[in-house]
There are 2 protein chains.
Amino acid sequence: MFSKSCEYGIRAMIHIAQQQETTGRVSLKDIAREIDSPEAFTGKILQTLTREGLLNSLKGPTGGFELAREAGKINLAEIVLAVDGDNLFNGCALGLSTCDSEKPCPAHEKFAIVRDELTLMLRTSILDEMAMGLKNGVSFLTR
Amino acid sequence: MFSKSCEYGIRAMIHIAQQQETTGRVSLKDIAREIDSPEAFTGKILQTLTREGLLNSLKGPTGGFELAREAGKINLAEIVLAVDGDNLFNGCALGLSTCDSEKPCPAHEKFAIVRDELTLMLRTSILDEMAMGLKNGVSFLTR
DNA sequence: TCTATTTCAGACAAAAATGTCCGCTATTAT
DNA sequence: ATAATAGCGGACATTTTTGTCTGAAATAGA
């Protein structure tokens, strides 16, 4: 569904949202440890998220990452788009480049419905709600 | 969403379903040409589908592939499962190995709903209906 | 200023997915 | 029988994804 990079990216964003409320900026080392991901590789993904405007970063001691906007205004769809691009949202399920409602593939109609629901679900999955769940012990990020 | 292998596999199965009604067995060469896929690679995927019991194959002149069951009794979920495995149906959206309703990831609840709908959509996408759409010019497999 | 810390950038490495090639086997037709 | 055809199996090649390493740049604190 999502690439490994995207999985790490989402987990990192949720962790940052939950962590920065109490401790401010979060370091790569802390993030990688908490979400159980390879540190250097996660660094690359956080760079991407920073370039895409979803994170701010600061170098040096006390440096680290923080959300570029408040956690109530960032949703999963943005993160997926930033890391994996728009293929999940726009691409044909069967990989056809010409598939649209004018010239649909055999799965187009049914697939469009599910994809729209997936898109909606991602757009309505807000970081602060997920961070809240983590804090309350309702959900977990441990593998 | 699906791997390239899976996209080719689905397109091949739909083409076979539509083609075999009139011409019987369908050759790899014909399939690869019609669904615009690399021939040798597609051959590997058809071997998998044959091993998984979704296709029958026959060697030699007049050989080729045919559906192992009638097209009305094969759905997309079976093809996806045969080629890509069960990760799409069972795996955690964030890649956590421990994620379930007991110890859910922050996206578990919302994601489960969409995934169930995707599963249902795949189960109710039947080969003969899609083959029909192709034959009637309602849908297309050309890239 | 000097040092320690932390992110950034680019090169490099390993693994997985995608794709190719070739000889073998089974089957059909002559 | 023999030749031609078409799928099978395994090795090999390429590309993409995933992951690592190193040195540079920026920043904070002593």
Side-chain angles (χ1 to χ4, degrees), chain A residues 1-12 16 19-20 23-33 35-68 80 83-85 87-88 91 94-95 143, chain B residues 1-12 16 19-20 23-33 35-68 80 83-85 87-88 91 94-95 143:
Chain A
M1 176 72 75
F2 306 130
S3 71
K4 221 78 184 122
S5 294
C6 193
E7 291 176 359
Y8 294 150
I10 293 173
R11 279 151 61 184
I16 294 170
Q19 187 71 11
Q20 73 175 13
T23 63
R25 274 187 294 271
V26 192
S27 73
L28 170 60
K29 185 176 298 187
D30 179 282
I31 294 167
R33 178 173 18 86
I35 72 172
D36 191 27
S37 64
E39 186 175 320
F41 188 55
T42 304
K44 294 296 188 191
I45 299 159
L46 296 182
Q47 283 175 44
T48 300
L49 291 168
T50 301
R51 256 185 279 109
E52 295 289 325
L54 292 175
L55 288 176
N56 292 327
S57 69
L58 199 70
K59 296 180 183 177
T62 79
F65 297 87
E66 63 188 6
L67 301 181
V80 172
V83 178
D84 277 353
N87 190 62
L88 184 63
L94 305 190
R143 67 159 43 241
Chain B
M1 176 73 74
F2 306 131
S3 69
K4 221 80 186 116
S5 295
C6 194
E7 291 175 0
Y8 294 151
I10 293 173
R11 278 150 62 183
I16 295 168
Q19 187 70 13
Q20 74 175 13
T23 62
R25 272 187 296 273
V26 192
S27 73
L28 170 59
K29 185 176 300 190
D30 177 281
I31 294 166
R33 178 173 18 86
I35 70 172
D36 191 27
S37 64
E39 185 174 320
F41 188 57
T42 304
K44 296 294 186 191
I45 298 160
L46 297 181
Q47 281 175 44
T48 299
L49 291 168
T50 302
R51 258 185 279 110
E52 295 289 326
L54 293 175
L55 287 176
N56 292 328
S57 68
L58 201 69
K59 297 179 183 176
T62 79
F65 297 88
E66 63 190 5
L67 301 181
V80 172
V83 178
D84 277 353
N87 190 62
L88 185 62
L94 307 190
R143 65 161 42 239

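We name chains A, B, ... by the order of the sequence lines, and we start the count at 1 in each one.
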message: I need the CD-P distance between B/E7 and C/dA17, as an integer number of Å.
response: 14 Å

statement: Closest non-hydrogen contact found for A/G43 with A/L28 is N-CD1, 3.6 Å

message: Treating B/N56 as the side-chain partner and B/T50 as the backbone partner, does any N or O pair qualify as donor plus acceptor under 3.5 Å?
response: no

Residue A/S57, side-chain atoms from C-beta onward, closest of D/dT27, C/dT25, C/dT7: C/dT7

message: Looking at B/T48 and B/K44, would you say the former's side chain and the latter's main chain have a donor-acceptor pair under 3.5 Å?
response: yes

message: For A/L58 and A/K4, find the nucleotide of DNA chain D closest to each by heavy atoms; which residue's nucleotide sits nearer the 5' end?
response: A/K4

- request: Could you tell me the separation between the CD1 atom of B/I16 and the P atom of D/dA6, rounded to a whole number of Å?
  value: 15 Å

message: If the cut-off is 4.0 Å, is B/S3 near the phosphate of C/dA17, judged by side-chain N/O to OP1 or OP2?
response: no

- prompt: DNA chain D: A/C6 or A/G63, which has the more 5' nearest nucleotide?
  reply: A/C6

query: A/E66 versus A/V26: any side-chain heavy-atom pair under 4.5 Å?
result: no

- request: Enter the distance from A/L55:CG to A/Q47:CD here, rounded to the nearest 0.5 Å.
  value: 11.0 Å

query: Minimum heavy-atom separation for B/E7 to A/L94, with atom names?
result: CB-O, 3.5 Å

- request: Find the distance between CG (A/D36) and CZ (A/R11) and round it off to the nearest 0.5 Å.
  value: 6.5 Å

query: Within this structure, what is the CG-to-C1' distance between B/D84 and C/dT18, rounded to whole angstrom?
result: 13 Å

message: From CG of A/L55 over to P of C/dT6, roughly how many Å is that when rounded to an integer?
response: 17 Å

- line: From CG of A/L49 across to P of C/dT7 the rounded distance in Å is 14 Å

field: Rounded distance in Å - CZ (B/R11) to P (C/dT18)
entry: 13 Å

query: Would you say a side-chain N or O of A/S27 is under 4.0 Å from OP1 or OP2 of C/dT5?
result: no

Tabulated below should be each protein N or O lying under 3.5 Å from an N or O of nucleotides 12-15 of chain D; please produce it.
none

field: Approximate separation, where rounding is to 0.5 Å, of A/Q20 CD and A/L67 CG
entry: 4.0 Å

message: Please determine whether a side-chain nitrogen or oxygen atom of B/T62 lies at a distance below 4.0 Å from atom OP1 or OP2 of D/dA6.
response: no

field: Strand contacts (DNA chain D) in residues 35-46 of chain A, 4.0 angstrom heavy-atom criterion
entry: A/P38, A/A40, A/F41, A/K44

message: Taking the side chain as everything from C-beta on, heavy atoms only, tell me whether B/S27 gets closer than 4.5 Å to B/F65.
response: no

statement: The reported gap from CD1 in A/I45 to CD in A/E52 (rounded to nearest 0.5 angstrom) is 13.0 Å

d(CG, B/L28; C1', D/dG9) in whole Å: 14 Å

query: To the nearest Å, how far apart are A/K29 NZ and C/dT5 C1'?
result: 9 Å

task: Examine C/dT18: is either OP1 or OP2 under 4.0 Å from a nitrogen or oxygen in the side chain of B/S5? Give yes or no.
output: yes

- prompt: Is there a side-chain polar atom (N or O) of B/Q47 under 4.0 Å from OP1 or OP2 of D/dG7?
  reply: no

message: Taking 4.0 Å as the cut-off, does a side-chain nitrogen or oxygen of B/Y8 come that near to OP1 or OP2 on C/dG19?
response: yes

